[in-house]
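Here the structure comes first, spelled out in structure tokens, and everything after it is commentary.
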Amino acid sequence: AEERARAARQLRAQLVFDQDSVTNVAHQLGYFTTIGALDVFLSLPERIAAVTVDDMQRVAGTLLSPARLTIGWSEPQR
């Protein structure tokens with residue numbers, strides 16, 4: 001719960017910083033309008049607040065499963 005609260009604070013802070021100028025606000029509005037999700041942009045604070053620890057665990061369990069793991073390595077050329 002503490003980690004979730006910290007992440008939510010960081011996201012809210014990022015939203016504030018992203019709106020520190022008219023240019024940044026215009027960029028955000030343009031971006032979200034382009035992808036057809038202006039309502040998402042306008043409701044971000046409420047959406048962030050609605051995320052629960054269970055939501056985070058469920059998504060992490062899905063996206064961070066061993067079946068989705070990719071391992072790579074780099075071998076120098078001689």
Side-chain angles (χ1 to χ4, degrees):
E2 185 178 317
E3 188 69 24
R4 182 240 163 265
R6 185 174 328 154
R9 283 191 304 271
Q10 289 174 343
L11 282 169
R12 284 192 305 269
Q14 185 63 48
L15 290 175
V16 170
F17 289 127
D18 286 346
Q19 296 181 28
D20 71 342
S21 72
V22 174
T23 302
N24 287 349
V25 172
H27 177 266
Q28 291 296 316
L29 289 172
Y31 172 77
F32 280 94
T33 300
T34 300
I35 64 171
L38 185 58
D39 59 324
V40 171
F41 174 72
L42 298 173
S43 65
L44 279 175
E46 295 84 14
R47 293 162 79 84
I48 291 168
V51 174
T52 66
V53 172
D54 289 339
D55 293 331
M56 294 171 68
Q57 290 175 333
R58 178 180 42 77
V59 171
T62 300
L63 298 179
L64 304 176
S65 70
R68 296 177 62 101
L69 181 63
T70 301
I71 299 175
W73 57 92
S74 181
E75 295 182 13
Q77 294 180 352
R78 297 185 179 176

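Hydrogens, waters and symmetry mates play no part in the numbers below; they use all other heavy atoms, side chains included.
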Could you see if Leu64 belongs to whatever hydrophobic cluster contains Val59? Use Ile, Leu, Val, Met, Phe, Trp, Tyr and a side-chain cutoff under 4.5 Å.
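No; tracing contacts between hydrophobic side chains, which count when under 4.5 Å, never links both residues.
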Sub-3.5 Å donor-acceptor pair from the side chain of Ser65 to the main-chain atoms of Gly61, do we have one?
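Pair absent, no side-chain N/O of Ser65 close to backbone of Gly61.
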Rounded distance [0.5 Å steps], [atom1] in [X] versus [atom2] in [Y]:
X: Arg4; Y: Arg9; atom1: CZ; atom2: CZ; answer: 9.5 Å
X: Gln19; Y: Leu29; atom1: CD; atom2: CG; answer: 8.0 Å
X: Arg47; Y: Leu11; atom1: CZ; atom2: CG; answer: 12.5 Å
X: Tyr31; Y: Asp18; atom1: OH; atom2: CG; answer: 11.5 Å
X: Gln28; Y: Leu38; atom1: CD; atom2: CG; answer: 11.0 Å
X: Leu42; Y: Leu44; atom1: CG; atom2: CG; answer: 8.5 Å

Could you check whether atom CD of Glu2 has more than 12 heavy atoms from other residues, nucleotides or ligands sitting under 6.0 Å from it?
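Open.
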Can you see which heavy atom on [X] is nearest to which on [Y], and at what distance?
X: Thr62; Y: Arg68; answer: O-CD, 3.1 Å
X: Val51; Y: Met56; answer: CG1-CG, 3.8 Å
X: Asp39; Y: Ser43; answer: O-OG, 2.8 Å

Determine which pairs satisfy ring-ring contact (aromatic ring centres under 6.0 Å, His included) with at least one residue from residues 54-78, sequence neighbours left out, and list them in order.
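Listed once each, the pairs would be none.
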Check: Ile48 and Leu15 side chains under 4.5 Å, non-hydrogen atoms:
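Touching, per the 4.5 Å side-chain cut-off.
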